[in-house]
S.K.: 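Got a structure for you, written out below as structure tokens; questions coming shortly.
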Amino acid sequence: MKYWLMKSEPDVFSLDQLKKDKTTWWTGVRNYQARNFMMKDMQVGDEVLFYHSNATPPGVAGIARISKVAEPDKEQFDKKSEYFDPKATKEKPIWFCVQVEYVAHFKNYISLPELRDNAKLADMLVLQKGSRLSIQPVEKKHFDILTKLGGA
DNA sequence: GCCAACGTTGGC
DNA sequence: GCCAACGTTGGC
């Protein structure tokens, strides 16, 4: 069992929306490091901190879970999609996405300033300067602290 | 809207 | 393989 943090802009796709939809395919990731985490490391049942980026304030909104392992991201083949990739073919897809299911909202939204204030979380990737990676591994000890703080 | 940090592209 | 130019992310 692994733990992850996945970023989403709430204006584009929020945890509320995931609650409504129950599950979603995490399409549109166009970064190789993030893709490789989805393709190689994520397993069904892995738990995910759902992080709202570009929010006011940014922070962790709650928990989701991996519900299907990675498959080719269909948007790479769709000329009308903003995620279309002309180099990708059905035989040789470039981009993959996992399916994520809703688990819970935190009772207490954990804002980025609160994360920064907690010394025990200081080495979380998301808190490192210039950390733009949209999918990040999270250590169990950090995940446990977050769920306690959030009151999940 | 600004801009620092980072990833990708492409010329050489 | 280097690296400048460019595009994107994401906090503020």
Side-chain angles (χ1 to χ4, degrees), chain A residues 2-21 24-42 46-66 70-100 102-139 141-143 145-152:
Chain A
K2 292 197 182 69
Y3 301 90
W4 305 96
L5 179 145
M6 296 172 87
K7 296 182 187 174
S8 184
E9 300 189 30
D11 291 346
V12 180
F13 189 83
S14 66
L15 186 57
D16 288 342
Q17 188 63 47
L18 180 60
K19 185 177 186 179
K20 284 190 197 121
D21 296 350
T24 190
W25 287 97
W26 204 264
T27 58
V29 171
R30 294 296 179 267
N31 169 285
Y32 286 102
Q33 233 184 316
R35 180 204 67 174
N36 290 343
F37 284 134
M38 288 198 285
M39 274 179 76
K40 298 178 179 164
D41 298 321
M42 283 185 173
D46 285 2
E47 299 205 72
V48 176
L49 299 168
F50 197 107
Y51 181 89
H52 280 173
S53 60
N54 267 314
T56 48
V60 180
I63 305 290
R65 188 190 290 128
I66 307 303
E71 294 186 7
D73 179 344
K74 290 194 174 63
E75 305 222 26
Q76 68 194 303
F77 309 124
D78 179 0
K79 282 205 177 71
K80 294 191 289 290
S81 168
E82 63 173 312
Y83 299 117
F84 176 67
D85 187 335
K87 293 193 288 294
T89 64
K90 297 256 163 108
E91 293 71 31
K92 287 204 170 174
I94 299 173
W95 304 109
F96 287 74
C97 54
V98 292
Q99 192 194 62
V100 171
Y102 178 79
V103 175
H105 278 75
F106 281 158
K107 289 199 199 79
N108 318 303
Y109 181 85
I110 307 173
S111 72
L112 182 58
E114 289 171 286
L115 293 173
R116 291 200 191 287
D117 278 348
N118 190 322
K120 291 186 187 133
L121 302 174
D123 53 345
M124 281 187 79
L125 275 180
V126 72
L127 300 181
Q128 306 313 306
K129 193 175 174 186
S131 165
R132 305 186 334 187
L133 194 57
S134 66
I135 297 178
Q136 310 179 352
V138 171
E139 292 177 39
K141 63 177 182 185
H142 291 148
F143 188 90
I145 293 169
L146 268 280
T147 49
K148 193 169 281 183
L149 284 176

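Lettering of chains follows the sequences in order, A, B, ..., and the numbering in each one begins at 1.
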S.K.: What's the CD-P distance between A:Q128 and C:dG10, to the nearest Å?
M.R.: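 Interatomic distance, CD of A:Q128 to P of C:dG10: 15 Å.
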
S.K.: How close or far is atom C1' of B:dT8 from atom CZ of A:R35, stated in whole angstroms?
M.R.: 14 Å

S.K.: A:Y32 OH to C:dT8 C1': how many Å, rounded?
M.R.: 15 Å

S.K.: Any salt bridge (charged side-chain N to carboxylate O under 4.0 Å, His left out) involving residues 118-136 of chain A? Give me the pairs, sequence neighbours left out, ordered by first then second residue.
M.R.: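 Residue pairs with at least one partner in residues 118-136 of chain A: there are none.
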
S.K.: In residues 73-98 of chain A, which residues come under 4.0 Å of DNA chain C by heavy atom?
M.R.: none

S.K.: Check nucleotides 5-7 of chain C for protein N or O atoms closer than 3.5 Å to its own N or O atoms and list the pairs.
M.R.:
none

S.K.: Could I get the full list of side-chain hydrogen bond (donor to acceptor under 3.5 Å, both in side chains) partners for A:Q33, not counting sequence neighbours?
M.R.: none

S.K.: Between C:dG11 atom C1' and A:L127 atom CG, what is the distance in whole Å?
M.R.: 12 Å

S.K.: A:Q76 and A:D73: which non-hydrogen atoms are nearest, and at how many Å?
M.R.: NE2-O, 2.8 Å

S.K.: Under 3.5 Å, which donor-acceptor pairs do the side chains of residues 83-92 of chain A form with other protein atoms, sequence neighbours left out?
M.R.:
unit_1 : atom_1 : unit_2 : atom_2 : d
A:D85  : OD1    : A:K87  : N      : 2.9
A:D85  : OD2    : A:W95  : NE1    : 2.8
A:T89  : OG1    : A:K92  : N      : 2.9

S.K.: side-chain hydrogen bond (donor to acceptor under 3.5 Å, both in side chains) with A:S111: which residues, sequence neighbours excluded?
M.R.: A:E114

S.K.: Can you tell me the distance, in whole Å, between the CG atom of A:N31 and the C1' atom of C:dT8?
M.R.: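 Roughly 10 Å, once rounded to whole Å.
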
S.K.: Rounded to the nearest Å, what distance is computed from the CD atom of residue A:Q136 to the P atom of nucleotide C:dG10?
M.R.: 9 Å

S.K.: What pairs with A:F96 under ring-ring contact (aromatic ring centres under 6.0 Å, His included), at least two apart in sequence or on another chain?
M.R.: none

S.K.: Could you work out, with side-chain hydrogen bond (donor to acceptor under 3.5 Å, both in side chains) as the rule, every residue matching A:E75, not counting sequence neighbours?
M.R.: A:T27, A:S81

S.K.: For DNA chain C, determine which residues of residues 49-61 of chain A have any heavy atom closer than 4.0 angstrom to one of its atoms, and list them numerically.
M.R.: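 Residues of residues 49-61 of chain A that come under 4.0 Å of DNA chain C are, in numerical order, A:Y51, A:S53, A:N54, A:P58.
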
S.K.: Please enumerate all residues that pass side-chain hydrogen bond (donor to acceptor under 3.5 Å, both in side chains) together with A:D16, with sequence neighbours excluded.
M.R.: A:H105

S.K.: If I take atom CG in residue A:L133 and atom P in nucleotide C:dG10, what distance separates them, rounded to the nearest angstrom?
M.R.: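 Roughly 9 Å, once rounded to whole Å.
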
S.K.: Applying ring-ring contact (aromatic ring centres under 6.0 Å, His included), name anything that partners A:H52, two or more places apart in sequence or on another chain.
M.R.: A:F50

S.K.: Check this one for me: any side-chain N or O of A:K7 less than 4.0 Å away from OP1 or OP2 of C:dG10?
M.R.: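 Looking at the OP1 and OP2 atoms of C:dG10, one of them is under 4.0 Å from a side-chain N or O of A:K7.
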
S.K.: For A:K129 and B:dC3, give me the distance from atom NZ to atom P, rounded to whole Å.
M.R.: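 It is 16 Å, rounded to the nearest whole Å.
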
S.K.: Tell me every residue that passes ring-ring contact (aromatic ring centres under 6.0 Å, His included) with A:F77, counting only those two or more places apart in sequence or in another chain.
M.R.: none

S.K.: For the residue pair A:Y109 and A:G59, what are the closest heavy atoms and their distance?
M.R.: OH-N, 2.9 Å

